[in-house]
Amino acid sequence: MLEELPSVFLVGPMGAGKTTIGRLLAKHLGREFVDSDWYVESQTGADIPWIFAKEGEAGFRERETRAIDELTQHRKIVLATGGGAVMSAENREFLHQRGIVIYLNAPVDVQMTRTAKDKSRPLLQQPNPRKILQDLYRIRDPLYRQVAHIIMPTGHTYPRNMVHQLLQQLASFSVSAATNTNFTTDPESSEGK
């Protein structure tokens, strides 16, 4: 049944574990793993901090949207997106309509721990990264929820355990359920969205 699933797309804030979980999930599903940030870098020939410095966030977001449009058309991949990908309505539509979207919901404290020493995140190169993460979470959390088919809290268990839980949820999916905007599972809630 898992072989019949469409592509799986991971969304969530910086430090949520999208790359780690994405790699493990792809391995279990026997699929290719792609990270949209790495894809943008490979297409540009420059890293994201350089793109931000030369083109600003708007330039990066344009490149990101082109990449997400292209990548979400691939069949049977696992895609990890950048934290800000959901800010674009176009990206949200590409993601939600073309595959199963998993929102890895990481509290700000988890994000702080995981990003504290990472100098490759341009948005956090500010005097108060905690405030930036809090502000980004407040703005983006509703968008992550809007696009998600599955919501998975992070920071409470090991990645392999999370992948096992996700595989159980994915097993209950059918191809038609993936495109039903009312089908959402959230382990913290007994109600679907």
Side-chain angles (χ1 to χ4, degrees), residues 5-26 33-40 48 57 60-61 64-65 67-69 71-72 77-115 118 121-124 129-157 159 162-163 165-167 169-170 173 177-193:
L5 289 172
S7 290
V8 176
F9 309 135
L10 300 169
V11 301
M14 292 179 256
K18 298 182 297 287
T19 300
T20 301
I21 298 299
R23 280 185 175 144
L24 288 169
L25 199 54
F33 171 72
V34 183
D35 182 299
S36 65
D37 285 348
W38 298 347
Y39 185 81
V40 168
I48 290 172
E57 185 173 358
F60 170 73
R61 296 297 173 200
E64 180 179 58
T65 294
I68 288 175
D69 180 22
L71 293 169
T72 56
I77 65 167
V78 175
L79 172 67
T81 62
V86 295
M87 295 301 291
S88 158
E90 196 173 11
N91 290 349
R92 291 194 304 274
E93 184 176 336
F94 294 150
L95 292 162
H96 192 80
Q97 297 301 323
R98 296 177 180 171
I100 299 171
V101 181
I102 299 170
Y103 168 26
L104 298 182
N105 184 1
V108 171
D109 287 341
V110 170
Q111 294 176 57
M112 280 297 297
T113 301
R114 294 180 178 174
T115 62
D118 189 343
R121 301 181 186 270
L123 294 178
L124 296 184
R130 176 176 288 281
K131 180 173 182 347
I132 290 166
L133 290 173
Q134 289 169 333
D135 291 346
L136 290 173
Y137 187 84
R138 181 180 43 78
I139 293 164
R140 294 174 178 176
D141 178 63
L143 301 175
Y144 294 135
R145 291 176 183 278
Q146 176 190 351
V147 75
H149 296 101
I150 296 171
I151 299 172
M152 175 64 66
T154 67
H156 66 285
T157 188
M162 283 182 60
V163 168
Q165 292 171 22
L166 286 170
L167 289 168
Q169 291 188 48
L170 288 170
F173 256 83
T179 57
N180 179 350
T181 57
N182 293 321
F183 188 92
T184 300
T185 58
D186 180 346
E188 294 183 335
S189 168
S190 60
E191 300 175 7
K193 186 157 109 178

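Between S7 and I77, the closest heavy-atom pair is OG-N, 3.0 Å. Here the shortest heavy-atom pairing between M162 and T157 reads CG-CG2, 3.4 Å. Shown here for T72 and D69, the closest heavy-atom pair between the two residues is OG1-O, 3.3 Å. What you find for A16 and A106 is that their closest heavy atoms are CA-CB, 3.7 Å. Nearest heavy-atom pair across D109 and R130 is OD1-NH1, 2.8 Å.
Using a 4.5 Å heavy-atom threshold, the side chains of D141 and Y103 count as touching. Counting only heavy atoms from C-beta outward, the side chains of Y137 and N105 approach each other to under 4.5 Å. Counting heavy atoms from C-beta on, the side chains of M14 and L136 come closer than 4.5 Å.
Tested against L166 for a side chain to side chain contact (heavy atoms under 4.5 Å, CB included), the candidates L24, I21, I100 yield a single pass: I21.
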task: Apply the test side chain to side chain contact (heavy atoms under 4.5 Å, CB included) to residues I151 and Y144: give CA-CA distance (whole Å), side-chain angles for both, the deciding distance (0.1 Å), then the verdict.
output: CA-CA 9 Å; I151 299 172; Y144 294 135; over 6 Å; no
task: Begin from the C-alpha positions of Y39 and I68 and carry the test side chain to side chain contact (heavy atoms under 4.5 Å, CB included) through to its verdict.
output: CA-CA 9 Å; Y39 185 81; I68 288 175; over 6 Å; no
- request: With side chain to side chain contact (heavy atoms under 4.5 Å, CB included) as the test, would you mind laying out the steps for L143 and V147 before giving the verdict?
  value: CA-CA 6 Å; L143 301 175; V147 75; over 6 Å; no
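Ring geometry for H149 versus H96: interplanar angle under 30°, hence parallel rather than tilted (30 to 60°).
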Could you pull out all donor-acceptor pairs under 3.5 Å where a side-chain atom in residues 79-91 meets a protein atom, sequence neighbours excluded?
| unit_1 | atom_1 | unit_2 | atom_2 | d |
| --- | --- | --- | --- | --- |
| T81 | OG1 | L10 | O | 2.8 |
| S88 | OG | E90 | N | 3.2 |
| S88 | OG | N91 | N | 3.1 |
| N91 | OD1 | T65 | OG1 | 3.1 |
| N91 | ND2 | T65 | OG1 | 3.4 |
| N91 | ND2 | A85 | O | 2.9 |

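Side-chain atoms of K18 come within 3.5 Å of backbone N or O of P13 as a donor-acceptor pair.
With sequence neighbours left out, the salt bridge (Lys or Arg N to Asp or Glu O under 4.0 Å) criterion links D135 to K131, R138. For D37, there are no side-chain hydrogen bond (donor to acceptor under 3.5 Å, both in side chains) partners, not counting sequence neighbours.
Heavy atoms of other residues, nucleotides or ligands lying less than 6.0 angstrom from CD of E93 number 12 at most.
For the atom pair L25 CG and T20 OG1, the distance stands at 12.0 Å (nearest 0.5 Å). Atoms CD and CD1, on E57 and I48 in that order, are 11.0 Å from each other to the nearest 0.5 Å.
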